[in-house]
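The structure under discussion appears below in the form of structure tokens.
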Amino acid sequence: MMSTELLTEESVGDYLASRDDLASRIDASTARAREVGDGNLNLVFVARDASGRSLALKQTLPYVRGDHSWAVTEDSIFAEARGLEAAAQSAPGLAPDYFGLDADRRLVVIEDLSEWRVWRGALNDGIVSTGAGAAVGELVAALGFSTSYFGLPPAEVQSRVARSINPELWQITEDLVFTEPYFDHPHNSWDAGAEDAVLALRDDRVRSHVAELKHAFLTRAEALLHGDLHTGSVFVPVPSGGAGAASAGQPAAKAFDFEFGAYGPTAFDLGMFFGNILIAQARDAVAGANPAFSSWLSGLYSETWSAFERGIRTRWPERVDPVLTDDYLETWLEETWRLAVGYAGVEAIRRSIGWAKVSDLETLPEPQRVEAVRRLLTTSRELVTSGGRIGSAADLSSALSGVAA
Ligand code: SR1
Ligand code: MG
């Protein structure tokens, strides 16, 4: 496996000095860098010069940050670049500004968003981020339309699908999201108090529903996905005055970390996001004390879906294929919703008991965590096996009452 020279806080200045194309954005001679990444596959450096101008550099690691014996392709940087570029074209402002790829060093240069907050942390602190769900819905709609057979000629989609394929990265999602949690696997762990809820997932009826979701993930190369759209992949503005409202003209959220992106079902991005809102609700149910926050959280499914649906419907008149009728749009939206509900379930399950756990649950004291995980597993099992019974955001909210109660 090839391995590029990794940047360090000390070497970022020299690297920037070698990049004439960035000279107008930062003064390399006074730039100082800090490594701030907490993702699994990358280093992230924020470099700031003496006059306060800053940039972020994201470089792929050849291994998983939390397990150096787990080697991973550095080619995820190409997915990162593709996602940033597609977002810049179709959803300006809803991802960090993108200043280009250095293919040899496996790094991208992007807007520094260290003044913003990772949404998961803000959710853990009970902060309302007004409009952030709608921003996520709009981003998914923009990618879902503009990179797919809806917005592009077939030959163009097919060549993009071919370029986006990365079996090694896709397999991480196949294994961690769709397989390991449903079998004995050394990546899984849970508190003893959640044992019966975990064992209830080890059942062929559940596995058959997971199989349908996994097969759709593997075979429906509909649109370029973000591929890992959880609340730790979204920045929100830091609220001023506590109101949580983005300031005028500022987007309410920006998605980042596109390195798992390839062509797949649009429902996957929506479902990943919903699964993480569900986790935030479980945390809030056992540890929160702010009814306004709880009520805003439970409205996020409908806020996100409405923005997504609006984004697709608004673009629909520009579809490139006349056989895509208005009736077909209704069928596609229904199917996308059905799959998204299932993907929400598998995401909440794997974040509760699989390898990639989340701070929403991990920072809770054990008795509260057990309670939150039990609620999540029981409700997520319902989502995974619901097979279309949950037909709307309102149905979803009532199906989730067991988590939020
Ligand atoms: C080895 S990577 C594990 C997980 O972290 C990323 O954020 C993805 O969610 C992946 O499944
Ligand atoms: Mg990530």
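Whatever order the structure lists them in is the order used to number ligands and atoms, beginning at 1.
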Residue-ligand contact Thr173/ligand 1, heavy atom below 4.0 Å: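 No, Thr173 has no heavy atoms under 4.0 Å from ligand 1.
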Run through Trp332, Tyr263, Tyr149 and flag the one making a side-chain hydrogen bond (donor to acceptor under 3.5 Å, both in side chains) with Glu222.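 For Glu222, the side-chain hydrogen bond (donor to acceptor under 3.5 Å, both in side chains) test succeeds with only one of Trp332, Tyr263, Tyr149, which is Trp332.
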With Arg106, the side-chain hydrogen bond (donor to acceptor under 3.5 Å, both in side chains) member among Thr4, Asp75, Thr60: Asp75
Would you call the rings of Trp70 and His187 parallel, tilted or perpendicular, where under 30° means parallel and over 60° means perpendicular? parallel
Using a strict 4.0 Å cut-off to heavy atoms of [X], name the atoms of ligand 1 that fall inside it.
X      : answer
Leu176 : 3 (C), 11 (O)
His230 : 7 (O)
Trp355 : 1 (C), 3 (C)
Asp228 : 6 (C), 7 (O), 8 (C), 9 (O)
Val64  : 1 (C)

Looking at ligand 1, does any of its N/O atoms fall within less than 3.5 Å of an N/O of Arg351?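 Between Arg351 and ligand 1, an N or O pair is found under 3.5 Å apart.
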When you measure from atom 10 (C) of ligand 1 to every protein heavy atom, which one gives the shortest distance, and what is it?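 Looking at atom 10 (C) of ligand 1, the protein heavy atom closest to it is Phe260 CZ, 3.8 Å.
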Taking the six-membered ring where the residue is Trp, are the ring centres of Phe256 and Phe235 under 6.0 Å apart? yes
Phe273 ring center within less than 6.0 Å of Trp119 ring center: yes
Checking Ser359 against Asn124: is there a side-chain donor and acceptor pair closer than 3.5 Å?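 Yes.
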If I consider every N, O or S atom in Asp257, which one ends up closest to the Mg ion (ligand 2)? I only need its name.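 Of all N, O or S atoms belonging to Asp257, OD2 is the one nearest the Mg ion (ligand 2).
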Are the side chain of Arg375 and the backbone of Val403 linked by a donor-acceptor contact shorter than 3.5 Å?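 The answer is yes, because a donor-acceptor pair under 3.5 Å joins these two groups.
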Relative to Phe183, does Arg207 satisfy both conditions: NZ or CZ under 6.0 angstrom from the six-membered ring centre, and within 45 degrees of the ring's axis? yes
Selection from Asp67, Asn40, Asp38 by shortest heavy-atom distance to atom 4 (C) of ligand 1: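 Looking at heavy atoms only, the winner is Asn40.
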Tell me the contacting part of Arg350 for ligand 1: side chain, backbone, both, or neither, using a 4.0 Å heavy-atom threshold, strictly below.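 For Arg350, the contact with ligand 1 is made by the side chain alone.
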